[in-house]
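In what follows, a structure is listed as structure tokens, so that the remarks can point back to it.
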Amino acid sequence: GILAAMFPEILEKRYGKDFAERAAKIFYQQSVYADAITLAQIGLRTGVTSMHDATEYGVWGALNDIAEASGHGVLVYENALFYDQDVKKVFDLFSELTGEKADIYSAISEGTMIATVKEKKTEEAINVLRKNGIKAGVIGKVTEESGVFLKKEDGSEEKIDRPAKDPFWSMFFKASNLKKHSSL
């Protein structure tokens, strides 16, 4: 959202004016207030046990924060992860233009909420979020083993550490520099 709002001409040049305008509106989806208030309806502690905005270091950072703070682990299902296709299109374009190759789940994802919910309340949580127009899904489960692990589609597991850096900032500053020198 930030890249689309700050560099609309780059998106327009590659994908057209309609896409650039639609992508720029993503900037205004950077709050998880509605998500949090909506989830609170199912009960705090009796339903929702944690909520975290996936800001710095994205989804992987937020999941690692939750695991560390709770003293538990998280097993994430690769085939359950999801993102807005327009966000991915913007991310991929700026990754290409700046040479900053990165995993989308390690980049700032402000407006994305990660929540842990008691198993018996999961379906209710998903239903109340979707009923209120909030994209939601179960992407994994809390485990006794510490750390964050990605269960890949082939059945293998990969440990996911907190990212060492957030690639968004490199993309942003490189794009700013390229724009300043009219390379974009």
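No experiment lies behind these values; they were computed from the predicted model shown.
D166 and T55 get closest at one heavy-atom pair: OD2-O, 4.2 Å. Heavy atoms only, all atoms of each residue included: A80 and I139 are closest at O-CG2, 3.5 Å. Residues L11 and A20 share a closest heavy-atom pair of CB-CB, 3.9 Å. Taking all atoms of both residues into account, the shortest heavy-atom contact from Q41 to V128 is OE1-CG2, 3.4 Å. Between P167 and K165 the shortest heavy-atom distance is CD-O, 3.5 Å. Closest non-hydrogen pair, A102 versus S95, comes out as N-OG, 4.1 Å.
Once rounded to the nearest 0.5 Å, the distance linking CG of L178 with CD1 of I10 reads 7.5 Å. Note that CG of L129 and NZ of K135 are 13.5 Å apart. Values are rounded to the nearest 0.5 Å. Distance check: L150 CG to N79 CG gives 9.5 Å after rounding to the nearest 0.5 Å.
Within the 4.5 Å cutoff, no side-chain heavy atoms of L44 are placed close to those of T46. Residues V76 and I160 have side chains not in contact (no heavy-atom distance under 4.5 Å, counting atoms from C-beta outward). The shortest side-chain heavy-atom distance between L3 and F168 falls under the 4.5 Å cut-off. The shortest side-chain heavy-atom distance between Y15 and L93 falls under the 4.5 Å cut-off. The shortest side-chain heavy-atom distance between N127 and E123 falls under the 4.5 Å cut-off. A heavy-atom distance below 4.5 Å is not found between the side chains of T143 and V74.
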(message) Test side chain to side chain contact (heavy atoms under 4.5 Å, CB included) on F27 and I2; report intermediate values, then the result.
(response) CA-CA 6 Å; F27 179 81; I2 297 169; 4.1 Å; yes
(request) Starting from the C-alpha separation in whole Å, work towards a yes-or-no answer on side chain to side chain contact (heavy atoms under 4.5 Å, CB included) for D84 and K88. (result) CA-CA 7 Å; D84 183 291; K88 177 75 167 136; over 6 Å; no
(request) Decide side chain to side chain contact (heavy atoms under 4.5 Å, CB included) for L39 and D35; before the verdict, give the C-alpha distance in whole Å, the side-chain angles of both, and the deciding distance to 0.1 Å. (result) CA-CA 6 Å; L39 267 181; D35 309 50; 5.7 Å; no
(message) Pair L75, V142 - check side chain to side chain contact (heavy atoms under 4.5 Å, CB included), show working.
(response) CA-CA 6 Å; L75 179 64; V142 174; over 6 Å; no
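Put simply, L81 and V90 are part of the same group of oily side chains (I, L, V, M, F, W, Y) that touch within less than 4.5 Å, one to the next. Taking hydrophobic clusters as Ile, Leu, Val, Met, Phe, Trp and Tyr residues chained together by side-chain heavy-atom distances below 4.5 Å, F172 does not share a cluster with Y57. Grouping the Ile, Leu, Val, Met, Phe, Trp and Tyr side chains by contacts below 4.5 angstrom, directly or via other members, places Y83 with V148. By the criterion of side-chain heavy atoms lying less than 4.5 angstrom apart, applied directly or through intervening Ile, Leu, Val, Met, Phe, Trp or Tyr residues, I134 is grouped together with V117 in one hydrophobic cluster. Cluster annotation: M51 is not connected to I126 through the hydrophobic network of ILVMFWY side chains, with a link wherever side-chain heavy atoms come within less than 4.5 Å.
Aromatic ring centroids of F94 and F7 lie under 6.0 Å apart.
A cation-pi arrangement is absent between K151 and Y77 under the rule of less than 6.0 angstrom and at most 45 degrees off the ring axis.
Under the salt bridge (Lys or Arg N to Asp or Glu O under 4.0 Å) criterion, the residue pairs touching residues 57-78 are D65-R162, with sequence neighbours excluded. Among pairs with a residue in residues 16-34, those fulfilling salt bridge (Lys or Arg N to Asp or Glu O under 4.0 Å) read K17-E21, R22-D86, at least two apart in sequence or across chains.
Applying salt bridge (charged side-chain N to carboxylate O under 4.0 Å, His left out) to E96 and the options K89, K174, R14, K101 leaves one that passes, R14.
Judged by distance alone, the side chain of T49 and the main-chain N or O of R45 form no donor-acceptor pair under 3.5 Å. The backbone N or O of G73 lies less than 3.5 Å from no partner atom in the side chain of S146, so there is not a single donor-acceptor pair. Looking only at distances, a side-chain donor or acceptor of K121 sits under 3.5 Å from a matching main-chain atom of I42.
Remark: Y28 OH is loosely packed, at most 12 non-hydrogen atoms of other residues, nucleotides or ligands lying under 6.0 Å away. The environment of E153 atom CD is dense: over 12 non-hydrogen atoms of other residues, nucleotides or ligands sit within 6.0 angstrom.
Side chains of W169 and E100: a donor-acceptor N/O pair is absent below 3.5 angstrom, by distance only.
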Side-chain donor/acceptor pairs under 3.5 Å, residues 105-114, sequence neighbours excluded:
{"unit_1": "S106", "atom_1": "OG", "unit_2": "D103", "atom_2": "O", "d": "2.7"}
{"unit_1": "S109", "atom_1": "OG", "unit_2": "T112", "atom_2": "OG1", "d": "2.7"}
{"unit_1": "T112", "atom_1": "OG1", "unit_2": "S109", "atom_2": "O", "d": "3.1"}

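Classification of E158 and K152 as a salt-bridged pair holds, one side-chain N sitting under 4.0 Å from a carboxylate O.
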